[in-house]
Amino acid sequence: NIAEIHFHNQLSEDNFPTMAQEVIAGLSSRPKYCSPKYLYDQKGSELFEKICELPEYYPTRTEEAILRQAMPEIAELAGKDATLVELGSGASRKVRLLLESLSVRCYLGVDISRDFLVSSTRRLAADYPWLEVHAACADFTRGVALPEGISPKRLVTFFPGSSIGNFTPEAAERFLISLRRCLPTGSGLLVGVDLLKDHAILESAYNDADGITAEFNLNLLDRLRKELGFDIEREGFSHRAFFNERQSRIEMHLDSRDFQVLSLNTKSIRFRKGESIHTENSYKYSIPGFQRLAGRAGFSSRRVWFDDDGLFSIHYLIS
Ligand code: AVI
């Protein structure tokens with residue numbers, strides 16, 4: 001059952017030079033880093049979906065439970081005939097809860113992982129035949145633009161999963177400011193934010209017993225080899241994730257198991273034994289801490305929901 005979607009390509013036709021430049025710049029700096037957006041190729045997106053099912057990874061199921069409970073209130077805040085934009089839509093699973101309870105006419109899923117985005121939005125279009133479905137393949141860390149043909153009166157943006165935590169607080173603030181600029185005033189932003197908690201719970205969520213998070217992290221190296229031509233092997237690195245208390249964030253790294261020199265064309269990149277590529281930050285907030293950040297970006301908080309254990313929060317903000 002193949003249903004029609006409106007596809008908008010907002011990544012440059014050839015993303016290769018941008019990705020190559022960004023990756024090389026990151027690996028050439030000290031400390032070495034790589035943007036977490038490059039974790040999401042087809043394989044990476046599939047592995048992330050597996051992470052969401054892990055017993056240790058509490059954010060997904062907790063956010064879903066909060067959403068279910070809060071749905072009547074969210075529907076009231078969102079109003080009638082809204083256009084729903086989902087950032088980092090991935091498998092577009094949680095948004096189904098919204099589509100079933102809110103009065104939504106038009107849906108736009110935005111994701112960097114093209115094939116994954118197309119197949120998930122097609123499934124949505126097949127399951128909700130009354131819905132106008134758009135898919136934009138885009139790197140929203142560079143800003144958000146509504147594709148032509150979408151000019152909503154009421155707009156609600158859904159940014160689930162605490163993906164906002166993958167920005168530094170400064171970048172999150174800049175991102176929210178740029179998001180506000182492209183939204184009609186009075187638009188809603190429903191954003192999931194992971195909360196500060198016991199460090200053991202946090203650290204086990206990023207060090208699962210089955211090693212899926214390690215796979216997800218190491219998959220980045222396969223991507224650099226296959227797509228950019230690096231002579232890099234996953235066997236040369238190991239996954240490490242820990243809570244950095246001072247910065248209030250989980251950090252994910254790939255540690256070089258030994259001294260090694262990687263080469264890409266004429267460029268060579270040296271690793272000391274134990275030197276890492278910092279591949280992701282996942283910031284954890286207090287509720288007032290996040291509300292202050294959103295406030296600095298010009299959003300006002302309408303409502304916040306959280307679970308009884310205080311693991312995760314969902315905020316309804318107004319631009
Ligand atoms: C997508 N993002 C919010 C996840 C997180 O928890 O920061 C990505 C992730 N990384 C490792 N596990 C999950």
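In each ligand, atom 1 is the first atom listed, and ligand 1 is the first ligand listed.
Checking side-chain atoms of T213 against main-chain N and O of N207 turns up no donor-acceptor pair under 3.5 Å. Of the possible polar contacts, none joining the R302 side chain to the L77 backbone as a donor-acceptor pair under 3.5 Å is found.
For atom 4 (C) of ligand 1, the nearest protein heavy atom (residue, atom name, distance) is Y57 OH, 3.4 Å.
Here's the thing with S282: one of its N/O atoms is less than 3.5 angstrom from an N/O atom of ligand 1. Between N281 and ligand 1, no pair of N/O atoms sits closer than 3.5 Å.
Of the charged side-chain nitrogens involved, at least one lies within less than 4.0 Å of a carboxylate oxygen, so that R96 and D127 count as a salt-bridged pair.
Aromatic ring centres of Y40 and F216 lie closer together than 6.0 Å.
Distances below 4.0 Å separate heavy atoms of G161 from the following atoms of ligand 1: 3 (C). Taking a cut-off of under 4.0 Å to the non-hydrogen atoms of S162, the atoms of ligand 1 that pass are 3 (C).
The closest approach between any non-hydrogen atom of G165 and ligand 1 is not below 4.0 Å.
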Run the side-chain donor-acceptor check on residues 156-172: report pairs under 3.5 Å with partners two or more places apart or on a different chain.
unit_1	atom_1	unit_2	atom_2	d
S162	OG	D194	N	2.8
N166	ND2	N281	O	2.9
T168	OG1	E170	OE1	3.4
T168	OG1	A171	N	3.1

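Closest heavy-atom approach to atom 11 (C) of ligand 1 within the set K284, E280, E56: this belongs to E280.
Residue contacts with ligand 1 for Y40 involve side-chain atoms from C-beta outward but no N, CA, C or O (heavy atoms, distance under 4.0 Å). Contacts of N166 with ligand 1, taken as heavy-atom pairs under 4.0 Å, involve the side chain alone.
Under the 6.0 Å distance and 45° angle rule, K284 does not count as a cation-pi partner of F243.
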Quiz item: Stepwise, does the side-chain contact (heavy atoms from CB on, under 4.5 Å) test hold for F48 with Y57?
Solution: CA-CA 11 Å; F48 179 64; Y57 196 73; 4.2 Å; yes

